[in-house]
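In this text, all values refer to a predicted model and were calculated from it rather than measured experimentally.
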Amino acid sequence: MTNSDPPLLNHYGALFSSHSPQLDDPKNRLVIEECQLPLIDLSGLSNHDETVRRACVAAICGASSEWGFFQVLNHGISPQLVEKMRSEQVKLFKIPFERKASCGLLNNSYRWGSPRATCPKQFSWSEAFHVPLTKVSDEACYGEFISLRAVMIEFAAAMSKLAGLLGSILTANLGHGKEVIKNLCDEGTCFLRLNHYPACPISPEILGLVCHTDSDFLTILCQDQVGGLQLMKDSKWVTVKPNRDALIVNIGDLFQAWSNGVYKSVEHKVVTNAKMERYSIAYFLCPSYDSSIGSFKEPSIYRKFTFREYRDQVQEDVRKTGYKVGLPRFLVSGRGDLLTGSME
């Protein structure tokens with residue numbers, strides 16, 4: 001393999017040659033097992049039997065607390081829509097790198113690799129389009145990809161509806177109105193990310209996406225059947241087995257802070273595949289930049305902060321060190337012991 005599109009190999013090679021060949025991270029050496037995430041049938045929310053409805057809510061909230069991840073069935077996004085979205089996504093990523101990087105598609109949101117990586121273990125073998133919801137309907141963003149626009153609009157609307165439903169259930173579970181998430185979150189800061197992980201025959205230790213937690217309230221992931229998602233559970237990495245009919249939901253940092261550690265934002269990563277490329281689409285539920293994020297109860301584990309402040313701190317940490325620090329930056333002194341079960 002002498003070249004790649006995008007030029008991930010060139011960038012990775014430069015990082016590798018300028019550092020000692022020490023790819024391995026202690027976290028990557030932990031035993032990896034395959035897991036079946038909690039699987040929740042959302043049709044239970046509309047069941048006539050109140051016991052069934054309550055059990056479904058309890059399963060969502062329990063998985064958010066114990067795992068920070070779960071899968072949902074009967075989520076309202078049809079297989080036909082998923083297939084159309086995947087087909088359009090594949091066509092988009094097949095165009096040459098030079099065009100993706102220079103033609104301004106999807107709000108000029110194309111990104112690849114890890115521009116701020118300073119060593120190989122900070123490098124992500126992937127490319128993506130990072131599209132704000134406010135730009136999804138903008139005709140000027142699509143260029144020749146006219147058919148992508150209608151599918152993106154329908155897909156984004158369906159994901160937004162599902163995210164709002166799950167967010168309202170999680171806030172109501174802690175005694176707050178279902179309107180909390182609606183009042184906090186803003187279409188201007190929510191976004192869709194279209195991901196492509198090219199096959200990587202160089203080394204299984206190169207990650208498609210480096211270990212991280214999500215800087216949002218919650219994320220909904222629609223992935224193909226190739227697999228590669230891993231998360232930290234009970235101090236070890238576990239591999240998530242793909243389920244064709246399910247979407248994956250995970251709790252973000254902001255929900256962990258708001259819930260005072262009841263819901264868990266869990267470290268996760270994507271490993272590469274030597275022979276097969278992987279596609280996924282993620283929806284990120286985020287608040288307005290000036291929204292104040294504070295615990296729903298006292299004593300609070302975290303000090304209050306705005307989403308803008310949190311985002312800026314994360315970006316500053318990544319710029320300086322190549323790593324996201326995240327919520328530990330915002331712990332109230334002496335209260336870290338109140339945080340039980342956190343995976344940070």
Side-chain angles (χ1 to χ4, degrees), residues 5-8 76-116 124-164 182 184-198 208-209 214-224 247 252 270 277-291 307-308 311-312 314-315 318:
D5 183 355
L8 297 164
I77 301 172
S78 71
Q80 293 78 16
L81 177 57
V82 170
E83 182 57 36
K84 284 194 294 182
M85 187 67 231
R86 181 77 69 236
S87 176
E88 294 290 342
Q89 180 183 11
V90 170
K91 285 192 291 184
L92 180 66
F93 280 110
K94 290 298 183 186
I95 65 175
F97 167 72
E98 290 76 13
R99 288 186 60 205
K100 286 180 286 193
S102 63
C103 68
L105 277 169
L106 296 178
N107 196 44
N108 198 31
S109 63
Y110 179 71
R111 56 185 65 179
W112 62 278
S114 304
R116 292 172 177 165
S124 292
W125 190 274
S126 56
E127 58 179 336
F129 286 92
H130 191 95
V131 191
L133 287 199
T134 51
K135 294 295 183 178
V136 166
S137 61
D138 187 348
E139 290 185 30
C141 288
Y142 292 89
E144 71 207 65
F145 293 90
I146 300 171
S147 58
L148 173 60
R149 179 174 176 267
V151 181
M152 280 273 283
I153 291 173
E154 185 180 359
F155 190 84
M159 293 287 259
S160 294
K161 182 178 179 181
L162 177 59
K182 183 179 180 180
L184 279 174
C185 292
D186 188 333
E187 189 176 271
T189 49
C190 296
F191 58 93
L192 278 178
R193 188 167 70 204
L194 281 60
N195 301 306
H196 174 224
Y197 302 90
L209 192 60
D214 289 349
S215 302
D216 61 354
F217 271 104
L218 61 81
T219 306
I220 304 174
L221 181 71
C222 177
Q223 64 170 350
D224 61 19
L247 298 177
V270 176
E277 60 186 343
R278 176 180 184 263
Y279 291 92
S280 70
I281 308 165
Y283 176 94
F284 296 86
L285 180 66
C286 302
S288 62
Y289 286 126
D290 296 323
S291 293
F307 182 42
R308 187 187 306 278
R311 188 193 64 157
D312 289 348
V314 167
Q315 290 179 346
V318 172

How long is the span from the OG atom in S102 to the CG atom in N108, to the nearest 0.5 Å? 9.0 Å
Can you check side-chain contact (heavy atoms from CB on, under 4.5 Å) on K100 and F129, steps first, answer last? CA-CA 9 Å; K100 286 180 286 193; F129 286 92; 4.2 Å; yes
From the list R278, K94, E277, side chain to side chain donor-acceptor pair (under 3.5 Å) partner of H196 resolves to E277
Approximate separation, where rounding is to 0.5 Å, of F217 CZ and C190 SG: 10.0 Å
Would you confirm whether S109, through its side chain, and H130, through its main-chain N or O, come within 3.5 Å as a donor-acceptor pair? yes
Close side-chain approach of D290 and R308, heavy atoms under 4.5 Å: yes
Hey, does the side chain of Q89 reach the backbone of N195 with a donor-acceptor pair shorter than 3.5 angstrom? yes
Going by side chain to side chain contact (heavy atoms under 4.5 Å, CB included), Y283 matches just one of L221, L162, L192, D216. Which one? L192
Taking only Lys NZ, Arg NE, NH1 and NH2, and the carboxylate oxygens of Asp or Glu, determine whether K91 and E88 approach each other closer than 4.0 Å. yes
Hey, what do you get for OG (S291) to CG (D186), rounding to the nearest 0.5 Å? 7.5 Å
Shortest non-hydrogen contact from P6 toward Y110: CB-OH, 3.5 Å
Measure the CG-CD1 distance between L133 and I153 for me, rounded to the nearest 0.5 Å. 11.5 Å
Contact check, side chains of E144 and R99, non-hydrogen atoms, under 4.5 Å: yes
Heavy-atom pair with the smallest gap, counting every atom of G208 and S124: O-CB, 3.3 Å
If you look at every heavy atom in F191 and C286, which pair is closest and at what distance? CE2-SG, 4.0 Å
Keeping the roles fixed (side chain from S160, backbone from A156), state whether a donor-acceptor pair exists under 3.5 Å. yes
Rounded to the nearest 0.5 Å, how far apart are CZ of R193 and OG of S280? 7.5 Å
Give the ring-plane orientation class for F93 versus Y279, where under 30° counts as parallel, over 60° as perpendicular and anything between as tilted. tilted
CZ-CG distance between F145 and L106, expressed to the nearest 0.5 angstrom: 8.5 Å
Looking only at heavy atoms, which two atoms of L218 and A163 are closest? And how far apart? CD1-CB, 4.0 Å
For Y289 and R311, which I'm curious about, is there any donor-acceptor pair between the side chains at under 3.5 Å? yes
Here the pair of heavy atoms bringing G143 nearest to I146 is O-CG1, 3.9 Å
Main chain of L209, side chain of S126: is a donor-acceptor contact present, judged purely on distance under 3.5 Å? no
Taking every non-hydrogen atom, the tightest pair across W112 and P7: CZ3-O, 3.5 Å
Step-by-step side-chain contact (heavy atoms from CB on, under 4.5 Å) determination, M159 to L247: CA-CA 10 Å; M159 293 287 259; L247 298 177; 4.2 Å; yes
For a 4.5 angstrom cut-off between non-hydrogen side-chain atoms, does I77 reach C222? no
Would you sort out whether Q223 and I281 count as a side-chain contact (heavy atoms from CB on, under 4.5 Å), showing the intermediate values? CA-CA 6 Å; Q223 64 170 350; I281 308 165; over 6 Å; no
